[in-house]
Amino acid sequence: MLVPKKDRLTVYRYLMKEGVLCVELDFFLPKHPGTGVKNLYVINLLRSLESRELVRGVKNWAHKYYFLTETGCDYLREYLHLDADVQPDTKKAPARAAGGERGERRGGDRERGDRRGGDRDRRDFGRGKKEAGAPSGSWRPSYAEGAGRGRGGRSDYRKEQ
């Protein structure tokens, strides 16, 4: 399908910026919400990229999610004339929160089991009092002869006469 170059560049820039693009598989949708380009153009451009293994597509109901691959990243960098250090948002490391070291918790120096009962309840489970009416440890169930399913039903069933 012939796609105007302006629309192709818009879709490629969006894909390079985000690293992922979600498309509703509705060919009659006037515009793609993220790019503002006709949805039909977006679908066909990404199908083309997927056939060249530049994006990976995952279909979910009436939507398809396209994820940019490493080769796709290189291709878009070359096509859009971008620097080698430009990365999509999905490839960038998330920004760390200011303050505190790794592994430090908000609770300070409390131990794991000290919060609202925590692990103490789990450790003591089954070691406490038995409820009234619960069977003792030596109780063994007994089954009536032939009362279950399978062999050993009624003795006169299907007896030849």
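Position 1 is the first residue of the sequence, and the numbers go up from there.
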*Any donor-acceptor pair under 3.5 Å linking the side chain of S48 with the backbone of N44?*
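No; zero donor-acceptor contacts below 3.5 Å.
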
_Side-chain (N39) to main-chain (E24) donor-acceptor, under 3.5 angstrom_ =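 Yes, N39 side chain to E24 backbone: donor-acceptor pair under 3.5 Å.
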
Sub-4.5 Å side-chain heavy-atom contact between [X] and [Y]:
| X | Y | answer |
| --- | --- | --- |
| D89 | K17 | yes |
| T71 | E53 | no |
| M1 | Y41 | yes |
| R47 | Y66 | yes |
| L15 | L46 | yes |

Could you tell me which non-hydrogen atom of [X] sits nearest to which non-hydrogen atom of [Y], and how far apart they are?
| X | Y | value |
| --- | --- | --- |
| Q87 | R77 | NE2-NH2, 3.1 Å |
| G19 | T90 | CA-OG1, 3.6 Å |
| H63 | C22 | CD2-SG, 3.9 Å |

*Honestly, is R8 close enough over Y79, meaning NZ or CZ under 6.0 Å from the six-membered ring centre and within 45° of the axis?*
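No, cation not above the ring by the 6.0 Å, 45° rule.
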
*With respect to F67, which candidate in V55, V20, L21 satisfies the side-chain contact (heavy atoms from CB on, under 4.5 Å) definition?*
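Testing F67 for a side-chain contact (heavy atoms from CB on, under 4.5 Å) against V55, V20, L21 leaves exactly one candidate, V20.
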
*Kindly give the cluster partners of F28, where membership spreads through any ILVMFWY side chain lying under 4.5 Å from a current member.*
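F28 clusters with nothing; isolated.
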
_Nearest 0.5 angstrom please: K38 NZ to K31 NZ, how far?_
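Between K38 NZ and K31 NZ, I get 8.0 Å after rounding to 0.5 Å.
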
*Spacing of L54 atom CG and T69 atom OG1 [to the nearest 0.5 Å]*: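 Reported to 0.5 Å precision, the distance equals 5.5 Å.
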
